[in-house]
Enquirer: 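Sharing a structure below in structure tokens format, with a few things to ask.
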Amino acid sequence: TVTFTGIMGVLCRKGEVEKALKLYDVMIGRGLKPNDYTCSILVGGLCRTKRLDDAVNLFEKMVLNGYASVVCLNTLMHGFLELGRREEATKLFKENLFFKETMADVVSHNTLMDGFCKTGDLIAAKKLLHDMKVRGLVPSLVSFNTLVSGLCKRGDIDRALDLVEYAVNNGQMPDVITYSTLLDGLCKVGRFQVAENLLIQMHENRIEVDVVTYSTILNGYCKTGQLQKAQKIL
RNA sequence: GUGGCAAUCUGAU
């Protein structure tokens, strides 16, 4: 099962879902049982090729047979959100809020939050952060990074900075993604001085600057014609 | 004879 599923994963990543599904039949034909990995890989493959109906059917079948996990749910929700089908993602989410194998976890909440952020609905996204705590889940760094990104995209950098402070108080230290997100927001509203301070702080906190961080800053400087500053960074 | 070693969420273009 592990071998078959592994190959199906490779095929799905290449967009060859058809071959993966054929392999799935071969696997079943040999009397091997699928598992939650098999389920999420195939669901993900179908989502990537926009075959959401097939993905839903497979997911429901797997749920009935007890092979589905919350990862499969998350994969499917993500598939809907990628296509802008927010209502269906939300419906799926709500159906899985009670105790069962596919009960919504932190990643489910994060996935939906990101979907809300990307459509600019920060109110709904913030509510979700609150809801997850009510449900006894502990927001992860990704939860905060997702909201920070949403706030930055809206230009609400100060609220984003406040949220990071709040995250720190909740035991989530910013990582390279948090910083890059903030830097991008700051550059895009022209607050380069604050951005430079943040870079220093990043260094002090021993956070490794990566290729995305560099391109974020370079992009900011180049688009405002500060090529000398851009060169200085390199 | 195309890098593959099993799954889901967040950052630049």
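What's counted below: heavy atoms across the whole structure, side chains too, no hydrogens, waters or symmetry copies. Below, read A as the first sequence line, B as the second, and so on, with proteins coming before strands; counting in each chain starts at 1.
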Enquirer: Whole-Å distance between B:G11 C1' and A:L151 CG?
Expert: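 My rounded result for the distance is 14 Å.
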Enquirer: When you measure from the side-chain N and O atoms of A:K188 to the phosphate of B:U13, is any distance below 4.0 Å, counting only OP1 and OP2?
Expert: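 It does, given that an N or O in the side chain of A:K188 lies less than 4.0 Å from OP1 or OP2 of B:U13.
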Enquirer: Given 3.5 Å as the limit, does a donor-acceptor pair link the side chain of A:Q172 with the main chain of A:N145, or not?
Expert: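 No, the answer is negative, given that no donor and acceptor are paired below the 3.5 Å cut-off.
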Enquirer: Provide, to the nearest angstrom, the distance between the CG atom belonging to A:L182 and the P atom belonging to B:U10.
Expert: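 My rounded result for the distance is 17 Å.
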Enquirer: Rounded to the nearest Å, what distance is computed from the NZ atom of residue A:K118 to the C1' atom of nucleotide B:A12?
Expert: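 In whole Å, B:A12 C1' and A:K118 NZ are 13 Å from each other.
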Enquirer: Take nucleotides 3-9 of chain B nucleotide by nucleotide from the 5' end and write B, S or -, depending on whether a protein heavy atom sits under 4.0 Å from the base, only from the sugar-phosphate, or from neither.
Expert: -SSBBBB
Enquirer: Give me the distance, rounded to whole Å, that separates B:G1 from B:C5 when you measure between the P atoms they each carry.
Expert: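 It works out to 22 Å between them.
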Enquirer: Which residue is it: A:L52, A:T102, A:L58? I am looking for the one with a side chain to side chain contact (heavy atoms under 4.5 Å, CB included) to A:L76.
Expert: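 Only match with A:L76 under side chain to side chain contact (heavy atoms under 4.5 Å, CB included): A:L52.
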Enquirer: Pick the C1' atom in B:U10 and in B:A6, then give their distance to the nearest Å.
Expert: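 My reading of the C1' atoms in B:U10 and B:A6 gives 23 Å.
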Enquirer: What's the CZ-C1' distance between A:F144 and B:G11, to the nearest Å?
Expert: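 The answer, rounded to whole Å, is 17 Å.
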Enquirer: Side chain of A:N145, heavy atoms from C-beta onward: which of B:G11, B:A12, B:U10 has the nearest atom to it?
Expert: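 Minimum distance to the A:N145 side chain belongs to B:U10.
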Enquirer: Do the charged groups of A:E196 and A:K232 touch, with an N to O distance under 4.0 Å?
Expert: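 Looking at A:E196 and A:K232, the cut-off is not met.
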Enquirer: In terms of side-chain geometry, is the basic nitrogen of A:R51 or A:E18 positioned less than 4.0 Å from the acidic oxygen of its partner?
Expert: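 Salt bridge present between A:R51 and A:E18.
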Enquirer: Suppose you measure atom P in B:U8 against the same atom in B:G4; what distance do you get, rounded to whole Å?
Expert: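 Going atom to atom, P in each nucleotide, I get 15 Å.
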Enquirer: For A:A124, is there any backbone N or O sitting under 3.5 Å from a side-chain donor or acceptor partner on A:D121?
Expert: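 Judged by distance alone, yes, a pair lies under 3.5 Å.
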Enquirer: Separation of A:L186 atom CG from B:G11 atom C1', in whole Å?
Expert: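 Result: 13 Å.
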Enquirer: Would you mind classifying the nucleic acid contact of A:V43 as base, sugar-phosphate or nothing, using non-hydrogen atoms under 4.0 angstrom?
Expert: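 Nothing, no nucleic acid heavy atom in range.
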Enquirer: Does A:S180 make a side-chain donor-acceptor contact with the base of B:G11, cut-off 3.5 Å?
Expert: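 Pair found.
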Enquirer: Is the backbone N or O of A:I207 less than 3.5 Å from a side-chain atom of A:N205, with the two atoms forming a donor-acceptor pair by type?
Expert: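 Side chain of A:N205 to backbone of A:I207, a donor-acceptor pair under 3.5 Å: no, none is there.
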Enquirer: On the 0 to 90° scale, with breaks at 30° and 60°, tag the A:Y221-A:F192 ring pair as parallel, tilted or perpendicular.
Expert: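 Rings of A:Y221 and A:F192: parallel, as their planes differ by under 30°.
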Enquirer: Nearest whole Å is fine: how far is B:A12 P from A:E208 CD?
Expert: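 Nearest whole value for this atom pair: 21 Å.
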Enquirer: Classify the side chain of A:S215 versus the base of B:A12 as yes if they form a donor-acceptor pair under 3.5 Å and no if they do not.
Expert: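 Answer is yes: a donor-acceptor pair is held.
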